[in-house]
Amino acid sequence: MPNSVASQTLFLYSTTVSDVGTVRSNNQDSAFAGEHLIAICDGMGGHAGGDTASTIAIRSLAHIEHDDVNGDVSTVARMMETSVMAAHDAIVGKAKRERKLAGMGTTVTAVALVAGYWVLAHIGDSRAYLLRDGRLTRMTQDHSYVQHLIDTGRISPAEARNHPQRNVVMRVLGDFDIDPHPDIAIRAAHPTDRWMLCSDGLCGVLEDSTIEQTLTAYSDQEECAQQLVSMALKAGSTDNVTAVIADATLALDADAFDLPHQTPLVAGAASASLEPIADILNEPVATAPMLRDANASPAQRAAALIQSQPASQPSPRVAQPSAVREENGERANPDTGEIPVIQKRDGHVTDDPNDPDVAKAIHHERQTQRKETRKRGRRNRLIAILIVIAALALATGGAFGAYRWSQTKYFIGNADGVVAVYQGVNTNVFGLALSHEVKRTNIDIDSLPQAWRDQLQDGITFNSYDEAIQHVQVIRQEKSNFNDNSNTSKSSGDAGNGTSDSSDSSDSSGSNGTDGDSSAGSSQTDGGTAGDTAGDTGTDASSTGTDGGDAQ
């Protein structure tokens with residue numbers, strides 16, 4: 001890999017334009033346009049999540065604007081990869097600490113000019129295009145599902161534009177179980193090279209041929225960016241739209257006093273926190289120009305270009321580094337980023353993760369976060385234990401109170417077939433009886449009327465022991481009355497049965513006597529035919545008649 005400074009010195013002029021679009025309520029894109037670094041980050045993950053993720057990524061990369069390490073291309077390539085991975089760790093860490101940001105992420109496409117070479121880092125579906133010698137080349141491969149379908153021959157590029165899953169990314173930085181390592185490429189830089197970085201809100205609706213034509217037609221960088229964003233919105237883009245335009249310029253005299261210079265520009269969500277970026281670069285940074293009225297006529301746009309600042313546009317905001325802010329008496333803005341900004345002993349400010357001081361600060365922050373996490377975990381466990389103890393105490397107190405109340409009640413019920421008095425209520429809780437026997441009587445349950453048996457089966461409740469005993473006496477008296485009535489009914493029934501038996505005997509005797517007389521007469525009549533036989537029969541008949549009389 002080349003490590004020497006190129007024989008001809010190239011400078012980078014860049015600008016960026018970003019617009020929220022016609023549908024979204026906030027801009028989740030972030031962009032950076034400097035003298036050595038350009039970058040586009042397309043955030044995702046809700047109203048606040050996408051903003052935060054893309055801003056963190058821009059802040060993580062910003063130090064490369066001045067940390068060129070004496071033109072060592074290989075070192076800068078490693079720095080870009082490390083910075084992207086540091087942004088990933090910062091996004092994941094913030095998402096874990098703030099649940100409302102869960103699921104946030106961002107794409108990253110960045111290009112650095114180092115010693116006559118381009119160093120490209122890319123992950124996601126934002127794109128980088130290079131216009132060289134009038135020919136446009138797409139320098140990045142989308143890490144998206146539809147690109148995978150195209151690569152495997154399942155769909156054509158034309159079908160991909162309207163595919164229902166065209167926005168699904170397969171590699172991205174953030175709170176996802178996805179490989180966060182970026183693609184790194186190095187390519188020799190040429191004078192007049194023009195880069196165009198964009199979010200998918202632009203390349204998703206404009207054809208590459210349209211992009212090439214626009215990049216060729218408009219030499220002015222800002223006008224070119226304005227045209228591309230406007231055309232994407234007119235083509236029906238429903239997403240945030242961001243474009244970064246950068247031109248490589250050859251300095252004829254690298255030692256000249258008046259070298260090309262520009263103030264780095266920040267666009268989109270990251271423009272809301274300029275001060276931390278100014279501290280990282282230790283130089284002023286400014287917000288990028290806003291999108292001009294897309295419906296303005298060519299004459300109106302030409303007039304706006306002539307004016308120093310169009311009346312319809314707000315003035316760009318410029319943020320000074322902390323040292324200048326303190327000199328001016330301005331209150332220092334607190335560092336709200338996820339990667340610590342370190343001020344070196346020589347006054348230089350950096351958040352380069354490769355810097356030993358920054359790495360040490362990151363390590364210290366992680367240790368502090370782990371301690372806080374452990375402390376918070378112990379505190380949450382203690383609170384959970386106290387809640388459980390309080391709940392158990394409340395449940396125990398409630399159960400004890402219910403038991404104490406139950407022991408103020410009494411009822412009469414069945415105890416092994418006899419009437420008994422119980423203290424408590426006739427029920428149980430989880431198999432625990434809330435009553436116990438205090439007095440057993442000799443009153444047999446089966447000797448009571450059915451109505452009493454049914455009542456005793458359910459339990460007859462009283463508010464005191466004395467009331468229960470009094471009711472036992474009532475039951476005993478009722479049992480006595482019930483038994484007396486039963487005996488009286490039985491005696492009357494026995495007398496009636498005796499009279500009936502006597503009558504039955506008389507009837508039986510009369511019947512037998514009649515039968516005897518009849519038998520005698522019959523025997524005598526039958527015996528008239530033979531003398532000996534008649535005499536025997538008459539004797540028998542006379543005996544039968546005598547027996548009948550005795551019976552009577």
Side-chain angles (χ1 to χ4, degrees), residues 12 14 16 30-41 51-69 75-76 78-91 93-94 106 108 110-114 119 121 173 244 261-288 316-328 330-365:
L12 191 65
S14 63
T16 177
S30 291
F32 182 91
E35 294 179 313
H36 301 284
L37 174 73
I38 55 174
I40 171 69
C41 301
D51 300 0
T52 303
S54 64
T55 299
I56 290 173
I58 289 293
R59 289 194 60 248
S60 182
L61 290 164
H63 70 94
I64 299 173
E65 170 69 9
H66 59 71
D67 289 346
D68 59 0
V69 196
T75 300
V76 173
R78 289 193 297 270
M79 286 172 57
M80 292 188 73
E81 181 176 11
T82 303
S83 298
V84 172
M85 295 301 296
H88 170 75
D89 293 341
I91 292 169
K94 192 171 183 66
T106 184
V108 174
V111 178
L113 175 60
V114 184
V119 181
L173 296 189
V244 182
H261 176 74
Q262 73 167 68
T263 299
L265 302 177
V266 180
S271 63
S273 57
L274 288 182
E275 284 76 9
I277 299 177
D279 291 343
I280 294 169
L281 301 181
N282 198 28
E283 64 175 292
V285 295
T287 55
R317 188 168 75 89
V318 178
Q320 299 292 339
S322 58
V324 177
R325 296 200 303 270
E326 291 174 1
E327 289 179 1
N328 296 338
E330 299 176 6
R331 182 179 178 181
N333 286 38
D335 178 22
T336 58
E338 295 302 308
I339 300 175
V341 178
I342 302 299
Q343 185 170 9
K344 310 284 285 185
R345 292 182 179 180
D346 59 0
H348 177 65
V349 179
T350 181
D351 72 341
D352 178 10
N354 298 279
D355 188 285
D357 292 336
V358 176
K360 184 177 179 180
I362 292 174
H363 179 69
H364 176 71
E365 283 191 1

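It should be emphasised that the depicted structure is a prediction, and the values quoted were computed from it without experimental measurement. Throughout, numbering of the chain's residues begins at 1 and tracks the sequence.
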Rounded at 0.5 Å granularity, tell me how far [atom1] in [X] sits from [atom2] in [Y].
X: L61; Y: T82; atom1: CG; atom2: OG1; value: 11.0 Å
X: M80; Y: M85; atom1: CE; atom2: CE; value: 14.5 Å
X: R317; Y: L274; atom1: CZ; atom2: CG; value: 4.0 Å
X: I58; Y: T106; atom1: CD1; atom2: OG1; value: 8.0 Å
X: I280; Y: I64; atom1: CD1; atom2: CD1; value: 11.0 Å
X: Q320; Y: D279; atom1: CD; atom2: CG; value: 10.5 Å

Look only at the side chain of [X] and the backbone of [Y], and say whether a donor-acceptor pair between them is shorter than 3.5 Å.
X: E35; Y: Q262; value: yes
X: S60; Y: S83; value: yes
X: E65; Y: H36; value: yes
X: S271; Y: V266; value: no

Completion exercise
Which of I38, L37, L113, L265 passes side chain to side chain contact (heavy atoms under 4.5 Å, CB included) with S14? It is I38
Can you name the nearest heavy-atom pair linking [X] to [Y], along with the distance?
X: F32; Y: I277; result: CE1-CG2, 4.3 Å
X: T16; Y: A267; result: CG2-CB, 3.7 Å
X: A286; Y: T263; result: N-CG2, 3.9 Å
X: C41; Y: A57; result: SG-CB, 3.7 Å
X: L281; Y: A62; result: CD2-O, 3.1 Å

Handout entry: Listed partners of A269 passing side chain to side chain contact (heavy atoms under 4.5 Å, CB included), at least two apart
Key =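 For A269 the side chain to side chain contact (heavy atoms under 4.5 Å, CB included) partners, ignoring immediate neighbours, are S30, D51, S54, T55.
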